[in-house]
Amino acid sequence: MKMRIMASVMLAAGLFAGSPASAQFFMKSYDFRGTPVTGLEPELGMPLPGATPAEIRAGLVWNLRAALNVAALQCDFSPMLQTVDHYNALLKDHSAELKAAFDTLNAYFIRTAKTKAAGLTAFDRFGTRTYSAFATVQAQFGFCQTASKIGTEVIFAPRGQMGDVAVNYMREMRNSLVPYGEQQFPRAFSSRTYLFIPDFQPSCWRKGKYNVSYCGKKK
């Protein structure tokens, strides 16, 4: 009996090996990791045509902030993910870099618009669309797990290096917006697994037993 219990524990440990310390929604989660980015990739977010390298980096920082802000709002259903704590910590620890990114982007939109008012409107539109791009329902579990992981990277990054985290992890963050399910046993938890519910009409029962041949199986 003890050997069986030990084997079960070892099996469970093997299934969850390599899993993050945060909440685990699947026995094996999809691997969303990707290569570092430059900030010029069109699939990563709103384009910044004519931007300088400093402005492109500021855009990456702002995208990462937006993603973790959305995660703080959308992923608090699982406190183990600590998405709210991560976001609050990054606002404090990386406040100087966030302010610099804001000022750089603000100057970019004013520079590239016909008027200052048009530039401010464009910046506001950029922010709204950037935040909205991280909202997800179907991919919520994958996004929240990924945001928790990357949020940890941000709070342990030295001040002034949030942009480096964005370069290394923004593709992974974007990849997590694509819904994937269980990877360890993709068919074992299929939606086609039904629970048999018998018909409770009196005519379907004979001497206290359900008459399958008369009423059949209902699912």
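Heads up: numbering here begins at 1 and tracks the sequence.
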Practice item. Output yes when a side-chain donor or acceptor of E172 lies under 3.5 Å from a complementary backbone atom of T146, and no otherwise. Key: no
Exercise for review: Can you measure from CG (L105) to CH2 (W62) and round to the nearest 0.5 angstrom?
Suggested key: 7.5 Å
Point to revise | Separation between CG of L60 and CG of L40, rounded to the nearest 0.5 Å | key: 8.5 Å
Review point. Would you call the rings of F141 and F77 parallel, tilted or perpendicular if under 30° counts as parallel and over 60° as perpendicular?
Key: tilted
Study note, to complete from the structure: For T104 and E55, the nearest pair of non-hydrogen atoms, with its separation, is CG2-CG, 3.6 Å
Revision key, fill the gap. In terms of heavy-atom contacts, C75 and L81 come closest through O-CD1, 3.8 Å
Practice item. Give a yes or no on whether the backbone of T136 and the side-chain of Q74 come within a donor-acceptor separation of less than 3.5 Å. Key: yes
Review point. Between F32 and F143, does the ring centroid distance fall short of 6.0 Å?
Key: no
Check your understanding: How long is the gap from CG on L90 to CD1 on I150, to the nearest 0.5 Å?
Key -> 12.5 Å
Exercise for review: Measure the CZ-CE distance between R129 and M46 for me, rounded to the nearest 0.5 Å.
Suggested key: 4.5 Å
**Study point:** Donor-acceptor pair, side chain of S148 and main chain of C144, under 3.5 angstrom
**Key:** no
Check your understanding: What distance do N106 atom CG and K99 atom NZ have between them, rounded to the nearest 0.5 Å?
Key -> 10.0 Å
Review point. Should the ring pair F126 and F109 be called parallel, tilted or perpendicular, given that the plane angle runs from 0 to 90° and is split at 30 and 60?
Key: tilted
Study note, to complete from the structure: To the nearest 0.5 Å, atom OG1 of T83 lies from atom CG of N69 at 10.0 Å
Exercise for review: Please check if atom CZ in R111 has more than 12 non-hydrogen atoms from other residues, nucleotides or ligands closer than 6.0 Å.
Suggested key: yes
